[in-house]
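Comments concern the structure below.
One is the number of the first residue; the rest follow in order along the sequence.
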Amino acid sequence: MFTKPAKSKSSYPTSLLGVFGVEDPGSALSKAGIEPTWSNGCVAFGGAPVWSSESGDVIVSGEAILDNADELRQRLERPQSTDGELLTEIYECHGPKAGLHALGMYAVAIWDKHRSKLILLRDGVGARTIYFARVGGGIRFSTRLRTLRQVPGISCDLSLPALRNYLSCAFVPGEQTLWRDIQEVRPGTVVELPEGRVVSYWEPVETVWDEASEQSIDVHATRLRGFLEEAVQVCLPKSGPVGVFLSGGLDSSVVTAIAAKQAAGPLHTFAIHFGREFPNELEFSSLVAEHYKTRHHIIELPARVIRDTMLETMAALDDPIGDPLTTPNLILGRAAARETGVILNGEGGDPCFGGPKNLPMLLHELYSGEPREAAYFRSFQKCYDDLPGLLTPDVHSALGKHPPQESLIEPFLSNEPTSSYLHQLMLINVRLKGADHILTKVNNLSAANGIVARSPLFDRRIVEAAFAIPPEYKQSGALEKAVLKRAAADLLPEAILNRPKSGMLVPVQGWFKKDLRRYAKSMMLGKDARIRPYLNQSTVAEWLNYEGCLWPRHGVKLWMALTLEVWLRANGV
């Protein structure tokens, strides 16, 4: 079960930058503008804290927030150790399997003196991220993609397969990043360098057994309720105020309800809208806030504020994320930072408990002969079918030399490690959308405001619990998240439990017809447009003019293209 919450953190650690396997690693860091805090003959760490094991054989640097820190202090008999020191000792005891014993959010580089290896370790669900690149016979690594790009010798060329995936999904899934030379360590794995061997230490797997399948949904809901309460508890600071991003949907409302019962200090909730002329969910978020007497903050975000904050948002991200909620998330975090250093959210409910993306795929499985991989990309309703006309001829031709993008999805849709099709879809959404979109978005944009984001529904043990619940209790016919609703039945008003899933209504369609139209044209169609080598200018122009557009999600395509343009500018391209 869960342990008591670790000490609260009021600030985000400085990003790690390191160099391995070069003649003078300290000098290589200095050239990137970061003085090394630790170095020996072939490896140097800079920027982030550095921890050493008692033996001195293990040196660790990076970011670490451990949810089971109190338990580890007791087990290791180190009552005063910090989370980073605990992770160091765990690695010395368990080596590359250390991640099995460390629960929480971490991305670290480990110098294993005994084995003369550099180990890059990322937490199981991907709440923190670490990147690496091979340059000139050596290896550069960092917990931030933007920081790693500062190192001399790393190409500014884009990865065309990653670009294709971004346009199809609105994020960059898998180990690729949008920079050709840089790779991302995958969640639940370690990368051993210099060989580059990848070792998996944790993977969500289907663990539904016969006995569990015979149990009622109420039995599973009761068990899940206990996990939910403990997952929220480990995220809460031991004292002082805490915040929750409250949309009024089921997931954030569940987190708010449990936090209201457990928080040691005042509970602040934060909701947004885009002007009274656009649909919003304030009715529902205000209902939950009033029900639990939170200190509720409502922030209005007109299009001009979104426009003026886009560059700052893209600079705070690693890879681009074409979700229209990115800039609102940054502004929401700024408001939260005035009240607290820790902000909770409801992210994770959809991937773990059968959210709205799954029903179309399940229906497709019954009634269509189309390959699953193509159907999955189409389910995002982004630019998958537009790629032939959207990409320039040069890019389209170059992509012919790479494996098709559907190959990224194929391993998840085999019979291993899950047999249920719903669980296969959940695995994709946890491993790709969760780690490469949702968690990196909320964490980086919260970090940009100096606060720590916590996602209780993406706790590793919640993920494990979700895969142990029979599929029919998550997606029961057209009823989504059935077991989660049953687990929260006594916590929330009926209007929240029974409302259909709508998602945050960002009015991008209207913005590009009016408020963002001139800005988007100047950015994407000007002579200095950064997307010009990659996206067909005539296609972008047609989209901006809404020529022949009958599709209600047309604005989302434009937002993705504009996001890419602003991200490239924010990264000095």
Side-chain angles (χ1 to χ4, degrees), residues 1-14 16 48-55 58-110 119 121-130 143 187-188 190 201-202 226-240 242 258-259 262-265 340-344 348 439 443 446-447 451-465:
M1 294 297 286
F2 292 65
T3 59
K4 296 179 182 179
K7 295 178 181 179
S8 65
K9 275 69 179 175
S10 59
S11 61
Y12 197 74
T14 305
L16 163 71
V50 176
W51 308 287
S52 176
S53 64
E54 286 188 348
S55 69
V58 177
I59 309 294
V60 178
S61 183
E63 304 166 1
I65 298 177
L66 302 186
D67 292 337
N68 62 334
D70 287 349
E71 174 191 321
L72 293 172
R73 291 186 185 101
Q74 184 176 5
R75 186 199 309 174
L76 298 172
E77 298 182 347
R78 295 178 62 99
Q80 304 303 318
S81 291
T82 65
D83 293 11
E85 290 167 342
L86 292 170
L87 189 57
T88 304
E89 293 300 327
I90 294 171
Y91 179 84
E92 186 158 63
C93 294
H94 301 284
K97 296 293 185 181
L100 280 175
H101 306 271
L103 301 173
M105 310 189 299
Y106 49 87
V108 296
I110 304 168
I119 308 295
L121 168 66
R122 187 179 180 191
D123 66 75
V125 296
R128 292 290 185 264
T129 316
I130 190 163
T143 50
V190 299
Y201 67 83
W202 180 80
F227 280 116
L228 291 170
E229 290 178 349
E230 294 180 82
V232 172
Q233 183 186 40
V234 299
C235 295
L236 296 172
K238 292 185 177 180
S239 62
V242 65
I258 297 174
Q262 296 180 341
T340 180
V342 179
I343 188 78
L344 279 62
L439 289 172
N443 290 332
S446 297
I451 58 177
V452 175
R454 300 305 310 263
S455 306
L457 301 186
F458 255 132
D459 185 289
R460 192 171 95 191
R461 294 151 295 188
I462 291 290
V463 176
E464 290 174 343

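- Residues A264 and P237 come closest through the heavy atom pair CB-O, 4.4 Å.
- Under the 3.5 Å distance criterion, with hydrogens and angles disregarded, a donor-acceptor pair is assigned to the side chains of E92 and S55.
- No donor-acceptor pair under 3.5 Å is formed between the side chain of T88 and the backbone N or O of V60.
- E230 contributes atom CD, which lies 8.0 Å from atom CZ of R461 (distance to the nearest 0.5 angstrom).
- Put simply, CD1 on I59 and CD1 on I119 are 13.5 Å apart, with the number rounded to the nearest 0.5 Å.
- Scanning all heavy atoms of the two residues, the minimum distance from I343 to S446 falls at CG2-OG, 4.0 Å.
- Judged as a side-chain hydrogen bond (donor to acceptor under 3.5 Å, both in side chains), and not counting sequence neighbours, the contacts of S455 are N345.
- The existence of a salt bridge linking R128 and D83 is excluded, since no basic side-chain nitrogen approaches an acidic carboxylate oxygen closer than 4.0 Å.
- For the salt bridge (charged side-chain N to carboxylate O under 4.0 Å, His left out) test, no residue two or more places apart in sequence or in another chain qualifies with E464.
- The minimum heavy-atom distance between I462 and P456, with the atom names listed, is CG1-O, 3.6 Å.
- S81 and L86 make their closest contact through CB-CD2, 3.8 Å (heavy atoms, listed as atom of the first residue, atom of the second, distance).
- Side chain of R122 to backbone of I130: no donor-acceptor contact under 3.5 angstrom is found.
- Using a 4.5 Å heavy-atom cutoff, the side chains of E71 and L103 are not in contact.
- Between atom CG of residue L228 and atom CG of residue D459 there is a gap of 10.0 Å, rounded to the nearest 0.5 Å.
- Between the side chain of Y106 and the main chain of G62, no donor-acceptor pair closer than 3.5 Å is present.
- For the pair E89 (side chain) and R73 (backbone), a donor-acceptor distance under 3.5 Å is absent.
- L87 contributes atom CG, which lies 12.0 Å from atom CD1 of I65 (distance to the nearest 0.5 angstrom).
- Separating the CG atom in D123 from the CZ atom in F458 is a distance of 11.5 Å, to the nearest 0.5 Å.
- Expressed to the nearest 0.5 Å, how far CG of N443 lies from CZ of R454 amounts to 9.0 Å.
- By the side-chain contact (heavy atoms from CB on, under 4.5 Å) test, Q262 pairs with E229, V232, Q233, L236, I258, sequence neighbours left out.
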* Take V58 and I110, measure what side chain to side chain contact (heavy atoms under 4.5 Å, CB included) needs, and give me the verdict at the end. => CA-CA 7 Å; V58 177; I110 304 168; 3.7 Å; yes
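- The shortest distance between side-chain heavy atoms of H94 and L100 does not fall below 4.5 Å.
- Looking only at side-chain heavy atoms (C-beta outward), M105 and V452 come within less than 4.5 Å of each other.
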